[in-house]
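Only this structure's heavy atoms are used, side chains among them; waters, hydrogens and symmetry mates stay out.
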Amino acid sequence: MASLALKGIYKRYPGGVVAVSDFTMNIKDKEFIILVGPSGCGKSTTLRMIAGLEEISEGELFIGDRLVNDVAPKDRDIAMVFQNYALYPHMSVFENMAFGLKLRKVPKDQIKKLVDEAAKILDIAHLLDRKPKALSGGQRQRVALGRAIVRDPQVFLLDEPLSNLDAKLRAQMRTELSKLHKKLGTTFIYVTHDQVEAMTMGDRIVVMKDGYIQQIDNPLNLYGNPVNKFVAGFIGSPQMNFIEAKLLMLNNKYTIEFGSEDTKTTRGRKFYIEIPPHKIDDESLRYYVDKDVTLGIRPENVHDEEMYLSNARTGVIEATVDVTEMMGAETYLYLSCEGYPMTVRVSSRSQARPQDVVTLAIDPNAIHLFDVDDEHSILLV
């Protein structure tokens with residue numbers, strides 16, 4: 001098994017296009033690492049550089065203690081599972097799984113042993129004589145994994161392997177992959193654009209945007225303590241609400257003000273949230289007094305229950321319901337609050353319906369604030 005070290009990795013293409021910039025991180029042996037981000041952020045390019053399928057323009061890549069920048073893909077002792085599985089249609093499942101071993105001149109009896117063991121782990125032993133066209137999407141995905149497993153690589157690289165599966169099967173295969181990682185005890189590096197996959201599977205998650213690493217952290221810290229607005233909005237479903245606001249000092253307390261005010265009519269309201277003392281770094285927050293900021297609040301931290309409303313000293317707002325989505329165990333309310341769209345996750349017992357005006361309490365302990373220019377977070381956890 002192996003650790004990896006990526007030191008100042010860049011990928012530049014002709015014409016000045018930079019796909020990956022200064023990618024630096026250490027990956028521990030047996031760790032499950034997720035690279036996540038929108039399309040075009042550089043995550044698959046990074047994976048392909050680790051595999052040796054893309055040349056590294058600048059920087060150093062170590063697998064274990066070995067510098068592998070100029071080592072051929074076949075000599076890196078890694079295995080890659082592609083998005084389209086890349087199975088040979090004319091070969092049986094057994095032949096597909098054995099193909100790489102045959103190229104390495106592994107003895108036939110050893111090949112059979114390795115394929116049978118991998119098929120048993122993946123519960124596809126009964127499919128070994130079938131051709132890929134006779135398999136379901138989930139079964140093909142298992143065959144692609146099996147072809148990687150038989151090689152017993154130091155590192156598994158997986159490039160969006162679940163993207164072609166339906167929602168139910170994806171959820172099932174997420175669990176299967178997590179079990180497989182623990183069973184094999186191998187380093188996994190997994191690329192996805194799906195933040196649900198990232199949050200449920202990874203030991204650590206690397207969030208990327210425009211070729212740059214935005215944040216590397218475990219799922220809990222990434223969700224609760226995003227370093228900037230991009231990470232806050234990308235991680236979490238439904239995504240965090242963002243509201244244009246202003247930071248004031250009222251009654252000697254840091255207070256967030258947002259909403260609208262029409263001095264000519266009675267329309268428009270201002271709402272206020274006092275920032276709890278434990279979230280304040282006075283030295284840095286003082287700079288933002290009387291300046292515009294971006295308020296962030298997750299849908300589950302806005303409440304419509306009476307117990308929250310009656311205890312709320314600050315952060316009580318009114319909003320108009322635009323759409324309701326009944327999700328079974330919970331309900332999503334899509335609202336308008338003084339011109340700002342909001343999504344709120346409430347109990348399935350909620351009676352709110354479109355066009356209703358609802359009173360809600362924002363949990364001040366769960367708010368985030370971001371600089372409007374560079375979008376970095378400006379509150380403590």
Side-chain angles (χ1 to χ4, degrees), residues 1-29 31-88 99-100 103-104 141 144-145 147-149 151-164 177 186-195 197-198 201-202 204-216 234:
M1 306 310 155
S3 59
L4 288 89
L6 296 92
K7 301 181 179 181
I9 299 290
Y10 284 79
K11 179 60 187 179
R12 300 185 183 94
Y13 290 107
V17 177
V18 181
V20 178
S21 298
D22 196 22
F23 192 106
T24 300
M25 77 173 297
N26 292 313
I27 299 172
K28 300 171 188 172
D29 183 28
E31 203 170 10
F32 199 136
I33 294 293
I34 305 279
L35 306 183
V36 68
S39 296
C41 72
K43 56 191 185 294
S44 289
T45 302
T46 302
L47 199 74
R48 290 173 65 83
M49 285 191 286
I50 295 171
L53 302 176
E54 292 276 2
E55 186 179 340
I56 295 172
S57 304
E58 183 183 334
E60 294 179 324
L61 170 63
F62 290 86
I63 298 179
D65 297 326
R66 184 170 63 141
L67 179 66
V68 298
N69 285 47
D70 299 319
V71 174
K74 65 183 180 65
D75 298 322
R76 295 192 180 193
D77 200 12
I78 53 110
M80 189 159 179
V81 179
F82 295 92
Q83 181 176 350
N84 62 1
Y85 314 141
L87 301 178
Y88 295 107
F99 186 71
L103 290 180
R104 295 182 174 201
Q141 200 256 356
L145 284 168
R147 187 174 53 192
I149 289 170
R151 292 176 51 196
D152 192 24
Q154 293 189 82
V155 183
F156 276 90
L157 306 178
L158 302 102
D159 191 2
E160 305 212 34
L162 307 185
S163 61
N164 292 331
L177 279 171
T186 310
T187 307
F188 274 41
I189 305 175
Y190 186 106
V191 160
T192 182
H193 64 273
D194 184 335
Q195 56 90 23
E197 284 182 19
M201 295 169 67
R204 283 192 298 160
I205 301 171
V206 183
V207 182
M208 297 183 68
K209 178 191 177 189
D210 299 333
Y212 288 92
I213 294 174
Q214 301 295 305
Q215 187 170 353
I216 303 174
F234 192 83

*For the pair D194 and L162, evaluate side-chain contact (heavy atoms from CB on, under 4.5 Å) and give the outcome as yes or no after the intermediate values.*
CA-CA 10 Å; D194 184 335; L162 307 185; over 6 Å; no
Within-4.5 Å side-chain heavy-atom neighbours: [X] and [Y]:
X	Y	result
Y190	E197	yes
H193	K43	yes
L158	L145	yes
Q141	N164	no
L53	L47	no
Q154	T187	no
I50	F23	no
I189	L4	yes

Side chain to side chain contact (heavy atoms under 4.5 Å, CB included) partner of T46, the single match among L157, I213, V20
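Between T46 and the candidates, side chain to side chain contact (heavy atoms under 4.5 Å, CB included) is satisfied uniquely by V20.
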| field | Intermediate values then yes/no, side-chain contact (heavy atoms from CB on, under 4.5 Å), K74 and L103 | value | CA-CA 11 Å; K74 65 183 180 65; L103 290 180; over 6 Å; no
Would you give the length of the straight line joining atom CZ of F99 to atom CZ of R147, rounded to the nearest 0.5 angstrom?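 With rounding to 0.5 Å, CZ (F99) is 9.0 Å from CZ (R147).
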Atom pair CZ/CG of F82 and N84 - distance to nearest 0.5 Å: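 With rounding to 0.5 Å, CZ (F82) is 8.0 Å from CG (N84).
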Restricting to non-hydrogen atoms, name the atom on [X] and the atom on [Y] that form the minimum distance, rounded to 0.1 Å.
X	Y	value
V191	S44	CG1-OG, 3.6 Å
M208	Q214	C-CG, 4.2 Å
G52	P73	O-CG, 3.4 Å
A19	Y13	CB-CE1, 3.6 Å
F156	A148	CE2-CB, 3.4 Å
Y10	M49	O-SD, 3.9 Å

Short side-chain to backbone donor-acceptor contact, [X] and [Y], under 3.5 Å:
X	Y	value
R76	V68	yes
R204	E31	no
D29	A2	yes
T24	G8	yes

Over 12 non-hydrogen atoms of neighbours within 6.0 angstrom of OH in Y212
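Count not over threshold, so no.
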With a 3.5 Å cut-off and sequence neighbours excluded, list the donor-acceptor pairs that the side chains of residues 56-66 form with protein atoms.
residue, atom, partner, partner atom, Å
S57, OG, R12, N, 2.8
S57, OG, R12, O, 3.4
E58, OE1, R12, NH1, 3.2
E58, OE1, R12, NH2, 2.8
R66, NH1, D75, O, 3.4
R66, NH2, D75, O, 2.8

Checking E54 now: which residues fulfil salt bridge (Lys or Arg N to Asp or Glu O under 4.0 Å) with it, not counting sequence neighbours?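 Testing E54 for salt bridge (Lys or Arg N to Asp or Glu O under 4.0 Å), a comparison that skips the adjacent residues, returns K11, R48.
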